Protein chains: 2
Amino acid sequence: MAAARVRSGGRPTLEEVAARAGVGRGTASRVINGSPRVSAQTREAVEAAVAELGYVPNRAARALAGNRTDAIALVVPESETRFFAEPYFSDIVRGVGAALADTEMQLLLTLAGNDRERRRLAQYLTAHRVDGVLLVSVHADDPLPDLLEQLGMPSVISGRRHAAETLPSVDSDNFEGARAAVDHFISRGRRTIATITGRLDVYGAQRRLDGYRKAVASAGLDPDERLIAPADFSEEGGARAMRELLARRPDVDAVFAASDVMAAGARHVLRESGRRIPDDVALIGFDDSAVARHMDPPLTSVRQPIEEMGRVMASVLLQEIAHRSEGRTEERPRIVLPTELVVRESS
Amino acid sequence: MAAARVRSGGRPTLEEVAARAGVGRGTASRVINGSPRVSAQTREAVEAAVAELGYVPNRAARALAGNRTDAIALVVPESETRFFAEPYFSDIVRGVGAALADTEMQLLLTLAGNDRERRRLAQYLTAHRVDGVLLVSVHADDPLPDLLEQLGMPSVISGRRHAAETLPSVDSDNFEGARAAVDHFISRGRRTIATITGRLDVYGAQRRLDGYRKAVASAGLDPDERLIAPADFSEEGGARAMRELLARRPDVDAVFAASDVMAAGARHVLRESGRRIPDDVALIGFDDSAVARHMDPPLTSVRQPIEEMGRVMASVLLQEIAHRSEGRTEERPRIVLPTELVVRESS
DNA sequence: ACACTTCTTGGGAGCGCTCCCAACCCTACG
DNA sequence: CGTAGGGTTGGGAGCGCTCCCAAGAAGTGT
């Protein structure tokens, strides 16, 4: 074995596999890449040679000759700290990883929290070091998506930047999630239902508000604008919004917060004001994060299928890449995954 | 610009840069790789051409020609869940990232929690898809380190597998950390000092126990073996060990737990038994994790410089890789970073 | 002025693979 | 029996780069 290794000068090459199988290089390549234009007999011979030699294709050579990299990037415009802190990302990574598990595709995790990293990243992508890009947690004014589109780089975005998103996207059903939350309040007899919104320049936050409005209107409730308090997804913002709400409509009996973290802020203020949850005011959040489960009382929340979003994003991207190289184009799938209301004690 | 791009058929190549600068391909290559054997004048011309053309070297071609990949792997033998849950890993990643920041080196994060992933990983590494490997959180019986050594793959391990670690390693000073904890107890008048150990087949856990023993002996205290309770780094294990300790030596007045999580378990049991912390029993943990800061009372703990460990590991690995390709070898650095006692209310 | 160095430089060879064309085989059909 | 057409096959060309050798330029000592 050692001798053979020395003789062949290291790892076996395609050429060696071909020689061993008694075929030409081209044929061996065809077998390894699963081309159908090979006879069964030849295929077997090559496969045997591959097994005996323990052949593994040289990635660099493949990339160079085939003008691809077999790698995709998951671009996260956050610092390491946030990346590790938010369970959202770990779920996405898990989903993406699952979708890629039996693929040759390699996942590159690229965090770009500061400007320096973002510049490096842009260079990376323009240099075509990956075959495609998964974009998560994109801010509305991020130039990256447009850059990618311009470059013709296959990309998939989680969520959307706006209603007319041009990139293929995978989103959860924010509208229906919000509506379900409000309907749940209504079915339990709540009548003065307020909402605390996220930053409305984030499309998802807008949709949650739309869902709230729709549900309120459908139920024939009073669509009082004073029941809508804008915030910014932060705990402090949630608290502030809740205070406004209480000042404007002290008779509020239910609050739908567009994130669990904001719900936590709201809870704090409600407690301070002497109101009991859910007896006096019912509360629902969004995300179904760890925060929701550990809140006191446990928070009813709208769950997004984040891991599945990761899985779907990856498979959409793989398709995009395949289509692109086949010349096909212009499909731009937009996938919306269902959300689910997880009922706990707060409502 | 667009016309030029079309004419050159895509991204500029080295050849094009060379032509533009009026030099040969070899010379251009030398400039780009920072070889000193180039005249200042030529260097400038090439650098100008690079800037004008926006040249970025093709990684695949480099890898193929140079027989390297410019990538290293951080191998974590854990599932995504644990990887994201433990702040340890995020600190390591941050440190490694910092050390690699102004390098061309790319970091590949490879989680290998289950057997399937481990097999894929082994294949990956044998196929020389990376220039080097960083190993963290290695279990004592993991075959990977030996495999890597056999392959001659540059590697650095965090911690050690045993006293006679053969791989280059970066560890924190577990011995001194433990000793400092116990000395702190002693300086505050504690006399019946117990310890809850981690899994003793983990070298670091063994060293912490050694440090405890040494400190106890140096102080001339009674080295009662009943004051040593083995556990497994888990919260439940810490609780169990604490119960044993209390049963054997109800007069214990200080406990050094070899991890914060075990300290949390111990705290629980101490409370149940009606003992106050630190009044009746003082408590110290290890890791200085978030758990320590948020415990009630805040836990005194031995801090390991984890981010720095990551940084050092990366730079040691880069050196190993450089040495390897220069033919130099056999240095096997073993670096031990100092730990630090962070005193809070529990002691 | 001549023989040597030392410094620079150009470009051939080759890394391992995919793409693709031409050659080959066999079968089917007129 | 000749030929067209389909299925297979071999291997040349070339991807963009690094390595390295040989050759030219410039400088040194005698």
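In what follows, every chain begins at residue 1, and chains take the letters A, B, ... in the order their sequences are listed. Just so we're clear, the structure is a prediction, and the values are computed from it rather than from any experiment.
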Subject >> Non-neighbouring partners of A/Arg129 that pass salt bridge (Lys or Arg N to Asp or Glu O under 4.0 Å), sequence neighbours left out >> reply: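 By the salt bridge (Lys or Arg N to Asp or Glu O under 4.0 Å) rule, A/Arg129 matches no residue at all.
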**OP:** Check salt bridge (Lys or Arg N to Asp or Glu O under 4.0 Å) between A/Glu117 and all other residues, then give those that pass, not counting sequence neighbours.
**Re:**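 Salt bridge (Lys or Arg N to Asp or Glu O under 4.0 Å) check on A/Glu117 returns nothing, list empty.
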Original post:
Once each nucleotide of nucleotides 5-15 of chain C is scored for protein heavy atoms under 4.0 Å, what B/S/- sequence comes out, 5' to 3'?
Top reply: ---BBBBBBBB
Subject >> Selection residues 44-55 of chain A - residue pairs positive for side chain to side chain donor-acceptor pair (under 3.5 Å), sequence neighbours left out >> reply: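 Residue pairs with at least one partner in residues 44-55 of chain A: A/Arg20-A/Glu52.
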Expressed in angstrom and rounded to an integer, what is the separation of [X] atom [atom1] from [N] atom [atom2]?
X	N	atom1	atom2	result
A/Arg11	C/dG16	CZ	C1'	9 Å
A/Glu15	C/dC17	CD	P	9 Å
B/Arg68	D/dC17	CZ	C1'	9 Å
A/Arg62	D/dG16	CZ	C1'	19 Å
B/Ile32	D/dC17	CD1	C1'	10 Å
A/Glu104	C/dC17	CD	P	13 Å
A/Glu16	C/dG16	CD	P	8 Å

**OP:** Would you mind listing every salt bridge (Lys or Arg N to Asp or Glu O under 4.0 Å) that reaches into residues 22-36 of chain A, with sequence neighbours excluded?
**Re:**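 As it turns out, the salt bridge (Lys or Arg N to Asp or Glu O under 4.0 Å) pairs with a partner in residues 22-36 of chain A, which skip direct neighbours, are A/Glu15-A/Arg25.
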**OP:** Sequence neighbours left out, what pairs pass salt bridge (Lys or Arg N to Asp or Glu O under 4.0 Å) with at least one residue falling in residues 57-72 of chain A?
**Re:**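 Matches after skipping sequence neighbours: A/Arg68-A/Asp70.
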Residues two or more places apart in sequence or in another chain: which of them pass side chain to side chain donor-acceptor pair (under 3.5 Å) with [X]?
X	answer
A/Asn58	none
B/Arg82	B/Glu78, B/Glu86
A/Arg43	none

**OP:** Mind running a 4.0 Å heavy-atom check of residues 44-56 of chain B against DNA chain C and sending the residues that fall below it, in number order?
**Re:**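 By residue number: none to list.
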**OP:** Specify the closest pair of heavy atoms between A/Asp131 and A/Thr69, including all atoms of both residues, with the distance to one decimal.
**Re:**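 Closest pair (atom of A/Asp131, atom of A/Thr69, distance): OD1-N, 2.8 Å.
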**OP:** Would you name the heavy atoms of B/Asp91 and B/Arg94 that are closest together and state the gap between them?
**Re:**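 Answer, listing the atom of B/Asp91 first, then B/Arg94: OD1-NH1, 3.1 Å.
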Original post:
Hey, is the side chain of A/Ser29 poking within less than 4.0 Å of OP1 or OP2 on C/dC17, counting only N and O atoms?
Top reply: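 No.
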**OP:** Respond yes when some side-chain nitrogen or oxygen of B/Asn33 is under 4.0 Å from OP1 or OP2 of D/dT18, and no when none is.
**Re:**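 Indeed, a polar side-chain atom of B/Asn33 lies that close.
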Below 3.5 Å, can you tabulate the donor-acceptor pairs from side chains in residues 145-152 of chain B to any protein atom, sequence neighbours excluded?
{"from": "B/Asp146", "atom 1": "OD1", "to": "B/Arg161", "atom 2": "NH1", "distance (Å)": "3.3"}
{"from": "B/Glu149", "atom 1": "OE1", "to": "B/Thr166", "atom 2": "OG1", "distance (Å)": "3.0"}
{"from": "B/Glu149", "atom 1": "OE2", "to": "B/Arg332", "atom 2": "NH1", "distance (Å)": "2.9"}

**OP:** Measure the angle between the two terminal helix axes of the helix from C/dA1-D/dT30 to C/dG30-D/dC1, five base pairs each, and quote it to 10°.
**Re:**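 Its terminal axes enclose an angle near 50°.
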